[in-house]
A.B. asks: 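One structure, pasted below without further comment.
All heavy atoms count here, side chains included; hydrogens, waters and symmetry mates do not. Since we're looking at a predicted model, the values are computed, not measured.
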Amino acid sequence: MTTASPSLAEWLDEHGEGLVALRRNLHAHPELSGAEHATTELVEERLRLAGLEPRRLAVGTGVVCDLAPTNPTGRFEQLFALRADLDALAMTDDKDVSYASRHPGVAHACGHDVHTTIVLGAALYFAHHRD
């Protein structure tokens, strides 16, 4: 990272509300394991908008995305992996909030909506601050 890059706190000040909205969208639209098509599409779209090249898994759900090195040698100086689960559980959402599940009998009571948002947010941060 260069010294001109904003800190994580500054980046979150700018993008935090959008991440909260994304998490609430995921919570309101849960999908069971193997059926996470809309969730996969949403994650894939956000990564593409950040200039990345995500690849959908062969099974049709799930995404893999590399943050390509930008140094002149083309070599990875640091390598790390981030992983998130996309699926929800077959159960009723008992939350009394505006973003409660809109799909009866399916809920993100597992926290995967938060997990997906955190990992996507980290990928977006690194995508915008890689040099």
A.B. asks: R55: what forms a salt bridge (charged side-chain N to carboxylate O under 4.0 Å, His left out) with it, not counting sequence neighbours?
C.D. replies: D66
A.B. asks: If you round to the nearest 0.5 Å, how far is CG of L32 from CG of L86?
C.D. replies: 12.5 Å
A.B. asks: Does the R48 side chain pair with the main chain of P54, one donor and one acceptor, at a distance under 3.5 Å?
C.D. replies: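 Side chain of R48 to backbone of P54, a donor-acceptor pair under 3.5 Å: yes, one is there.
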A.B. asks: When rounded to the nearest 0.5 angstrom, what distance separates CZ in R46 from CG in L124?
C.D. replies: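 One gets 8.0 Å once the value is rounded to the nearest 0.5 Å.
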A.B. asks: Determine the interplanar angle of the H128 and W11 rings, folded into 0 to 90°, and report it as parallel if under 30°, tilted if 30 to 60°, perpendicular if over 60°.
C.D. replies: tilted
A.B. asks: Compare every heavy atom of L52 with every heavy atom of C65, then report the nearest pair and how far apart it is.
C.D. replies: SG-CB, 3.6 Å
A.B. asks: Quick check on the hydrophobic clustering: are F126 and I118 connected, directly or via other members, by side-chain heavy-atom contacts under 4.5 Å?
C.D. replies: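 They do not share one cluster, since no chain of ILVMFWY contacts under 4.5 Å joins F126 to I118.
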A.B. asks: Check the pair V63 / L57 against side chain to side chain contact (heavy atoms under 4.5 Å, CB included), numbers first and verdict last.
C.D. replies: CA-CA 6 Å; V63 173; L57 299 179; over 6 Å; no
A.B. asks: For L82 versus A123, what's the shortest heavy-atom pair and its separation?
C.D. replies: CD1-N, 4.2 Å
A.B. asks: Are the side chain of S101 and the backbone of H103 linked by a donor-acceptor contact shorter than 3.5 Å?
C.D. replies: yes
A.B. asks: Restricting to salt bridge (charged side-chain N to carboxylate O under 4.0 Å, His left out), what partner residues turn up for E31, sequence neighbours left out?
C.D. replies: none
A.B. asks: I need the single residue from N25, L26, V20 that forms a side chain to side chain contact (heavy atoms under 4.5 Å, CB included) with L22. Which is it?
C.D. replies: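 Single pass found, and it is L26.
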A.B. asks: With side chain to side chain contact (heavy atoms under 4.5 Å, CB included) as the criterion, how do L19 and L12 come out once you've worked through the C-alpha distance, each side chain's angles and the decisive distance to 0.1 Å?
C.D. replies: CA-CA 9 Å; L19 291 171; L12 284 172; 4.1 Å; yes
A.B. asks: According to a 4.5 Å side-chain heavy-atom criterion applied to Ile, Leu, Val, Met, Phe, Trp and Tyr, with indirect links allowed, do V59 and V64 form part of one hydrophobic cluster?
C.D. replies: yes
A.B. asks: Would Y99 and L89 show up in the same hydrophobic cluster when neighbours are defined by side-chain heavy atoms closer than 4.5 Å?
C.D. replies: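 In one cluster with Y99: L89, no.
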A.B. asks: Donor-acceptor pairs under 3.5 Å, side chain of residues 104-115 to any protein atom, not counting sequence neighbours: which ones?
C.D. replies:
unit_1, atom_1, unit_2, atom_2, d
H112, ND1, D87, O, 2.8
H112, ND1, D87, OD1, 2.9
D113, OD2, R23, NE, 3.0
D113, OD2, R23, NH2, 3.2
D113, OD2, H27, ND1, 2.7
H115, ND1, D85, N, 3.4
H115, NE2, R83, O, 3.2

A.B. asks: What distance do S7 atom OG and D13 atom CG have between them, rounded to the nearest 0.5 Å?
C.D. replies: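 Between S7 OG and D13 CG, I get 7.5 Å after rounding to 0.5 Å.
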A.B. asks: Without swapping roles, check the side chain of E36 against the backbone of G34 for a donor-acceptor pair under 3.5 Å.
C.D. replies: yes
